[in-house]
Amino acid sequence: QVHLVESGGGLVQAGGSLRLSCTASGRTFSTYAMGWFRQAPGKEREFVAAHSWIGITTYYADSVKGRFTISRDNAKNTLYLQMKSLKPMDTAVYYCAARGGSSAATEIDEYDYWGQGTQVTVSS
């Protein structure tokens, strides 16, 4: 069992930056591939970024490439999402997720554990 807690969300103006954190407890964080997803009001949850367990394989949604960076610090059991050049379309609840596999994944169904989410609001 892995327990995930996101933090770092908030209100920011368009063009601004935020860094989300996801702290894990329970089983060994370093053995899980991790991902970030988001869900805007009235929309389905969508993939944002993913990070492999081994090495530094990362995937990004086209909508965030070049603006967001996913990283992890296994010593701190923490996953990060650095977000820059934020746009109003990035407004959503952001969730981190963990999967019991080594490779990064982009599909919701591939993840086993989810955090409660943190709200990110980007004003125009």
Side-chain angles (χ1 to χ4, degrees):
Q1 188 77 16
V2 176
H3 183 58
L4 304 171
V5 179
E6 302 94 336
S7 61
L11 174 63
V12 63
Q13 290 187 333
S17 299
L18 280 176
R19 188 178 78 159
L20 305 183
S21 299
C22 172
T23 302
S25 60
R27 299 188 66 179
T28 307
F29 172 76
S30 61
T31 63
Y32 285 81
M34 303 292 294
W36 287 100
F37 291 77
R38 67 186 182 186
Q39 188 166 15
K43 296 187 177 181
E44 295 186 350
R45 192 171 299 189
E46 64 175 6
F47 168 74
V48 175
H51 196 297
S52 61
W53 159 24
I54 299 174
I56 54 171
T57 300
T58 57
Y59 297 137
Y60 295 94
D62 288 343
S63 59
V64 306
K65 279 180 182 176
R67 300 189 299 121
F68 290 11
T69 302
I70 187 171
S71 62
R72 63 190 295 166
D73 185 337
N74 289 338
K76 296 182 178 180
N77 286 357
T78 302
L79 178 75
Y80 301 100
L81 185 68
Q82 178 68 53
M83 305 185 294
K84 299 180 180 179
S85 302
L86 282 162
K87 306 174 182 180
M89 62 169 284
D90 296 317
T91 295
V93 176
Y94 283 71
Y95 299 89
C96 74
R99 64 187 300 266
S102 61
S103 59
T106 63
E107 299 296 325
I108 292 173
D109 292 347
E110 294 179 282
Y111 287 84
D112 304 304
Y113 305 100
W114 294 84
Q116 84 290 347
T118 185
Q119 176 70 47
V120 171
T121 303
V122 184
S123 63
S124 57

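- For the pair Ala50 and Ala105, the tightest heavy-atom approach, listed with the atom from each and the gap, is CB-O, 3.2 Å.
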Could you please spell out the steps behind the salt bridge (charged side-chain N to carboxylate O under 4.0 Å, His left out) verdict for Asp62 and Lys65? CA-CA 5 Å; Asp62 288 343; Lys65 279 180 182 176; 3.2 Å; yes
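- When every heavy atom of Pro88 is checked against every heavy atom of Ala14, the shortest pair comes out as CD-CB, 4.1 Å.
- Smallest separation of non-hydrogen atoms from Phe37 and Thr106: CE2-O, 3.7 Å.
- The hydrophobic cluster containing Val93 also contains Tyr111, counting ILVMFWY residues as joined when their side-chain heavy atoms lie under 4.5 angstrom apart, directly or transitively.
- Side-chain atoms of Thr31 and Trp53, non-hydrogen and from C-beta on, do get closer than 4.5 Å to each other.
- Side-chain contact between Trp114 and Arg45 is present, with at least one heavy-atom pair separated by less than 4.5 Å.
- Side-chain contact check for Met34 versus Leu4: some heavy-atom pair is nearer than 4.5 Å.
- Leu18 approaches Gln82 most closely through the heavy-atom pair O-NE2, 3.5 Å.
- Between Trp36 and Glu6, some side-chain heavy-atom pair lies under the 4.5 Å cut-off.
- Cluster membership check: Val122 shares its hydrophobic cluster with Leu81, using side-chain heavy-atom separations under 4.5 Å among Ile, Leu, Val, Met, Phe, Trp and Tyr.
- Atom OG1 of Thr69 and atom NE2 of His51 lie 10.5 Å apart (nearest 0.5 Å).
- Judged by distance alone, the side chain of Arg72 and the main-chain N or O of Ser52 form a donor-acceptor pair under 3.5 Å.
- Considering only heavy atoms from C-beta on, Arg38 comes within 4.5 Å of Ser63 through its side chain.
- Two residues are said to be in side-chain contact when any heavy atoms from C-beta on lie closer than 4.5 Å; Leu86 and Gln13 fail this criterion.
- When every heavy atom of Val48 is checked against every heavy atom of Val64, the shortest pair comes out as O-CG2, 3.6 Å.
- A donor-acceptor pair under 3.5 Å is absent between the side-chain atoms of Thr118 and the main chain of Ser7, judged by distance alone.
- Minimum heavy-atom separation, Gly115 to Tyr95: O-CD2, 3.6 Å.
- A donor-acceptor pair under 3.5 Å links the side-chain atoms of Tyr60 to the main chain of Ile70, judged by distance alone.
- Distance check, rounded to the nearest 0.5 Å: CE of Met83 to CZ of Arg19 gives 11.5 Å.
- Rounded to the nearest 0.5 angstrom, Leu11 CG and Gln119 CD are separated by 9.5 Å.
- Asp90 contributes atom CG, which lies 4.0 Å from atom CZ of Arg67 (distance to the nearest 0.5 angstrom).
- Phe68 places none of its side-chain heavy atoms less than 4.5 Å from the side chain of Leu20.
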